[in-house]
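Have a look at the structure below before the remarks.
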Amino acid sequence: NQISSLTSLSRKLNETKELQSEIGIQSISASQLSRKLRHLEQAFLDAVLQHCIAQLVRRIGLKKATKQLGRINLVDSSTITLCLSQYPWALYLPTHAGVKLHLRLAFVDGLVHPDKAILTPAKPSDRTQMDSLIELDRDALYIFDRGYVDYRKFDEYCRGGTRFVTRLRYNTSIAETYERRTIPQGSPVLRDDVVRIGSSASRSMTHPTRWIETLDSEGNLIIIL
């Protein structure tokens, strides 16, 4: 029902006899709800998320989830700053604590829904969660940002047939160029090559990938792999 606060939730229960009968309590205060939320276990929240995902998949249908491009999985993280004195275990900056929400969103038939969520301390890099969020799956196209750059993982995806699109840092090196594709006149694409990225034999991919350059709305160079 898109209820926006614990106070509104408390009021809704206190005013709705049918809801009281359904869940077996007559009233609950916002402070009681808050205390309950603080003590919820992660396993319970994961179970609720997976239940909601299962309902969405049943409603959308598996055929829509695998046609044409297949599922598009968007992977990214958000850092949530916390009070250092209250959460010393989550040290992030010298004066701040923080946690990081790593999220995989499934984009299917114009709808977006959360598909997997992982909560970690904020300090470890995004790529530490690549094994959990990016699976070897021929029916999915994964899209993620520059925080998830790992040449060894990219080679693993190429071997297993997992398709991915990611941004690269500006200082990414090209070890070898296999093909320079012709750019149509007036195209927003500045460069379209087939390359093997890396700076040395020990720090490079073994599989070729497609390197595309374009500009964003402010004229900054964007490199897409």
Side-chain angles (χ1 to χ4, degrees), residues 1-62 64-65 71-135 137 140 142-148 150 166:
N1 290 327
Q2 303 294 313
I3 295 174
S4 59
S5 69
L6 297 183
T7 300
S8 298
L9 192 61
S10 169
R11 187 181 304 117
K12 180 75 172 177
L13 172 63
N14 298 341
E15 294 174 350
T16 311
K17 296 296 184 182
E18 185 180 357
L19 182 56
Q20 294 171 17
S21 175
E22 183 70 26
I23 64 176
I25 58 175
Q26 293 183 337
S27 66
I28 194 167
S29 68
S31 59
Q32 286 175 304
L33 286 168
S34 179
R35 285 195 295 272
K36 288 290 185 182
L37 286 171
R38 288 196 207 110
H39 294 94
L40 281 178
E41 293 186 3
Q42 181 69 31
F44 172 75
L45 296 175
D46 286 343
V48 171
L49 175 63
Q50 293 305 319
H51 176 71
C52 292
I53 291 169
Q55 286 185 314
L56 282 167
V57 170
R58 282 197 298 270
R59 184 177 302 174
I60 293 171
L62 290 176
K64 290 183 179 179
R71 296 187 310 280
I72 297 178
N73 289 337
L74 312 175
V75 175
D76 206 355
S77 69
S78 300
T79 299
I80 304 166
T81 303
L82 303 172
C83 175
L84 182 58
S85 63
Q86 296 294 317
Y87 304 95
W89 56 268
L91 179 65
Y92 174 46
L93 298 171
T95 57
H96 290 86
V99 294
K100 190 176 285 186
L101 176 63
H102 304 267
L103 193 62
R104 184 173 73 200
L105 298 176
F107 185 85
V108 183
D109 198 34
L111 300 175
V112 179
H113 65 81
D115 188 50
K116 193 168 188 179
I118 302 170
L119 199 62
T120 68
K123 203 166 187 177
S125 68
D126 289 348
R127 66 174 179 265
T128 61
Q129 300 304 313
M130 291 176 75
D131 281 341
S132 300
L133 295 170
I134 303 169
E135 302 166 355
D137 184 352
Y142 286 88
I143 299 175
F144 45 90
D145 210 350
R146 294 171 293 181
Y148 299 90
D150 186 316
T166 185

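Computed from heavy atoms alone, side chains included, the values below leave out hydrogens, waters and symmetry copies. Please read all numbers here as calculations on a predicted model, not as lab measurements.
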Using atom types as modelled and distance alone, determine if a side-chain donor or acceptor of [X] lies under 3.5 Å from a backbone N or O of [Y].
| X | Y | value |
| --- | --- | --- |
| S8 | S4 | no |
| T79 | K100 | no |
| Q20 | L13 | yes |
| K123 | A90 | no |
| S27 | N14 | no |

Does D126 pair with R146 as a salt bridge, N-O distance under 4.0 Å?
no
If the threshold is 4.0 Å, N to carboxylate O, is there a salt bridge linking R104 and E135?
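So R104 pairs with E135 through a salt bridge.
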Starting at [atom1] of [X], measure out to [atom2] of [Y] and round the result to the nearest 0.5 Å.
| X | Y | atom1 | atom2 | answer |
| --- | --- | --- | --- | --- |
| L133 | L74 | CG | CG | 12.0 Å |
| Y148 | R127 | OH | CZ | 12.0 Å |
| Q26 | L19 | CD | CG | 12.0 Å |
| I23 | I28 | CD1 | CD1 | 7.5 Å |

Closest non-hydrogen atom pair, A122 against Y92:
CB-CD1, 3.6 Å
Report yes or no: do S21 and E18 form a side-chain donor-acceptor pair below 3.5 Å?
no
Could you verify whether a donor N or O on one side chain and an acceptor N or O on the other, from T7 and S5, lie under 3.5 Å apart?
no
